[in-house]
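Below is one structure; the comments refer to it alone.
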Amino acid sequence: MSGAARHEPRALIVQKYGGTSVGSIERIQEVARRVANAAAESRVIVVVSAMSGETDRLLGLARALSPEPIARETDVVIASGEQVTAALLSIALAERGVAAQSFLGHQIRIRTDSAYGRARIQSIDGERLHRVLDEGKVAVVAGFQGVDAEDSITTLGRGGSDTTAVAIAAAADADACEIYTDVEGVYTADPRVCPGAQKLERISFDEMLELASLGAKVLQIRSVELAKRYGVRVHVRSSFNQCEGTCVVPEETSMEEVTVAGVACDRDQAKIKLSRVPDRPGLAAKLFSPIARAGIVVDMIIQNVGEDGTTDMTFTVPKLEVKRALDLVRATGREVGAGAVESAGDIAKVSIVGLGMRSHAGVAAQIFEALAREGINIQMISTSEIKVSVVIDAKYAELAVRVLHDALVNPAGEARV
Ligand code: ADP
Ligand code: ASP
Ligand code: MG
């Protein structure tokens with residue numbers, strides 16, 4: 001070696017802190033301490049959520065004025081929670097002698113579509129962040145928000161700060177994206193529901209996508225989609241200790257050896273039943289096309305054929321959309337001369353996910369047996385390559401998670417931990 005010392009560019013990491021992690025002044029000070037440590041080693045962009053409970057409180061204010069508050073204005077209200085934490089963390093960092101600057105979504109041009117309440121990020125100005133980092137500062141970004149083409153504020157859906165973090169990591173070409181939360185990583189089931197749940201060292205993008213879409217709210221599904229598409233290294237870990245968490249990684253061959261990666265539970269679906277639909281071609285299209293055009297995602301669908309030329313259609317939609325869906329179903333029902341329309345919100349969808357289900361037969365049968373032993377009735381079933389889902393009565397949701405976890409994840413201690 002000769003000549004001037006060569007300086008490797010310092011690594012760039014994105015750290016995201018969720019609601020509980022910034023839930024009080026003391027917690028914000030603790031996060032500032034962690035960020036300061038990281039900033040001594042690396043360039044750091046921090047993404048923050050609102051303080052825990054704040055987004056619900058803000059939504060409650062809007063709903064106190066209107067049962068269905070205007071979507072655009074609701075986003076302006078609920079985006080404010082993240083604005084507060086971003087600035088508070090910057091103040092706390094300054095108190096520790098760490099230069100930091102907060103940014104709202106529009107200040108780093110987080111462009112989204114105009115789907116208020118569930119907007120999708122289209123682009124981010126990574127250059128703006130790099131300029132701040134080059135000045136030696138920590139950039140603190142308000143999660144969960146962006147602006148549409150009209151510069152109206154949008155929000156990214158519940159849990160959306162995860163997506164802000166991964167999108168920023170992709171746009172700024174970060175070396176890692178650390179998601180700090182109130183559990184130590186991704187577990188084989190929600191550790192708050194299932195005491196036997198085990199922390200996974202690694203989980204594949206596809207398994208994490210399924211778990212996230214099936215109710216494991218530890219990562220927002222869109223964040224996993226972006227991480228997979230842009231190859232972002234995501235590490236989910238605790239903001240309360242230093243333990244290694246869970247890495248979300250591309251699929252590895254050995255992962256198929258483990259049948260079941262985890263169990264997830266979704267209580268946010270409702271069931272709609274339309275009885276006595278005339279059984280003739282084109283009726284499913286007539287029923288579901290208006291629902292699709294309204295942007296409502298239909299999940300499970302069951303059709304039972306009767307003996308008198310009619311059929312019953314049962315399907316699930318997000319609880320938040322049930323009212324709109326019911327209006328559309330009633331209109332179609334009248335048009336085609338169908339019978340009664342019923343809906344039920346007291347259901348839960350419990351799902352088992354694992355890459356190994358591709359090559360291991362019989363998982364569905366094991367699920368049905370385990371639930372039968374507890375006398376839990378299955379209302380609907382759906383399967384895909386790496387998951388099996390059942391809809392059951394909501395009051396058995398937690399029991400079902402524990403029973404299925406113990407029957408399928410634990411038996412030979414085979415979880416991928
Ligand atoms: P944050 O506010 O940090 O974003 P969230 O509440 O959105 O945190 O997500 C973390 C929570 O996700 C945990 O407290 C846990 O109860 C829940 N959770 C559900 N399923 C899982 C799972 N499989 N692994 C880890 N946590 C899970
Ligand atoms: N504050 C938002 C929510 O509660 C976004 C987030 O925390 O990720 O959903
Ligand atoms: Mg979250």
Side-chain angles (χ1 to χ4, degrees), residues 13-24 27-28 31-32 34-35 38 44-59 74-90 100 102-112 115-122 124 129 138-147 153-172 174 176-183 185-186 208 212 216-227 230 232 234-240 245 248:
I13 55 171
V14 173
Q15 297 192 328
K16 177 256 171 179
Y17 291 91
T20 318
S21 305
V22 292
S24 65
R27 288 298 312 161
I28 290 173
V31 167
R34 285 172 169 262
V35 172
V44 184
I45 301 172
V46 187
V47 174
V48 284
S49 289
M51 296 168 86
S52 56
E54 182 64 5
T55 309
D56 286 334
R57 188 186 75 83
L58 293 166
L59 261 178
T74 305
D75 272 8
V76 178
V77 174
I78 63 178
S80 66
E82 272 72 8
Q83 171 165 347
V84 171
T85 35
L88 287 179
L89 180 58
S90 302
S102 67
F103 292 94
L104 302 182
H106 73 89
Q107 292 172 313
I108 50 166
R109 289 169 198 77
I110 301 185
R111 282 271 166 234
T112 70
Y116 300 114
R118 56 188 161 88
R120 287 168 77 93
I121 296 179
Q122 293 165 335
I124 296 180
L129 287 170
V138 170
V140 184
V141 178
F144 184 50
Q145 55 175 271
V147 280
I153 291 173
T154 55
T155 65
L156 310 179
R158 299 310 301 265
S161 299
D162 298 330
T163 300
T164 307
V166 174
I168 285 178
C177 180
E178 300 176 335
I179 306 284
Y180 286 91
T181 184
D182 54 8
V183 288
V186 180
M208 195 62 237
K217 65 172 183 163
V218 60
L219 285 177
Q220 196 195 37
I221 180 166
R222 182 84 182 118
S223 71
V224 190
E225 285 169 6
L226 289 180
Y230 294 103
V232 175
V234 173
H235 185 180
V236 181
R237 54 196 310 189
S238 170
S239 70
F240 290 78
V248 189

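All values derive from a computational prediction rather than experimental measurement.
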Do you know which two heavy atoms are closest between [X] and [Y], and how far apart they sit?
X	Y	answer
L58	G81	CD1-N, 3.7 Å
A38	I13	CB-CD1, 4.1 Å
A212	V224	CB-CG2, 4.5 Å
V147	H106	CG1-CB, 3.5 Å
I124	A171	CB-CB, 3.9 Å
M51	T85	CG-CG2, 3.4 Å

Is it the case that the side chain of [X] and the backbone of [Y] share a donor-acceptor pair, with hydrogens and angles ignored and the cut-off at 3.5 Å?
X	Y	answer
T20	G23	no
S90	A86	yes
Q145	A79	yes
T154	G146	yes
R34	S239	yes

**Message:** Please tell me whether D75 and T155 have a donor and an acceptor in their side chains that are separated by less than 3.5 angstrom.
**Reply:** yes
**Prompt:** Between T74 and Y116, is a side chain to side chain contact (heavy atoms under 4.5 Å, CB included) present by the stated rule, with each step listed?
**Reply:** CA-CA 8 Å; T74 305; Y116 300 114; over 6 Å; no
**Pairs where residues 156-172 contributes a residue and the test side chain to side chain donor-acceptor pair (under 3.5 Å) is met, not counting sequence neighbours** = K16-D162, S49-S161, D56-R158, T163-Q220
**Prompt:** What's the verdict on side chain to side chain contact (heavy atoms under 4.5 Å, CB included) for L219 and M208, showing C-alpha distance, side-chain angles and the deciding distance?
**Reply:** CA-CA 8 Å; L219 285 177; M208 195 62 237; 4.0 Å; yes
**Item:** Worked check of side chain to side chain contact (heavy atoms under 4.5 Å, CB included) between V140 and V35
**Value:** CA-CA 10 Å; V140 184; V35 172; over 6 Å; no
**Request:** Report yes or no: is the cationic atom of R109 (NZ for Lys, CZ for Arg) closer than 6.0 Å to the six-membered ring centre of F103, at no more than 45° off its axis?
**Result:** no
**Item:** Gap between atom CZ of R120 and atom CZ of R222 - 0.5 Å precision
**Value:** 3.5 Å
**Message:** As a quick check of understanding, evaluate side chain to side chain contact (heavy atoms under 4.5 Å, CB included) for L89 and V22, giving each step before the final call.
**Reply:** CA-CA 9 Å; L89 180 58; V22 292; 5.7 Å; no
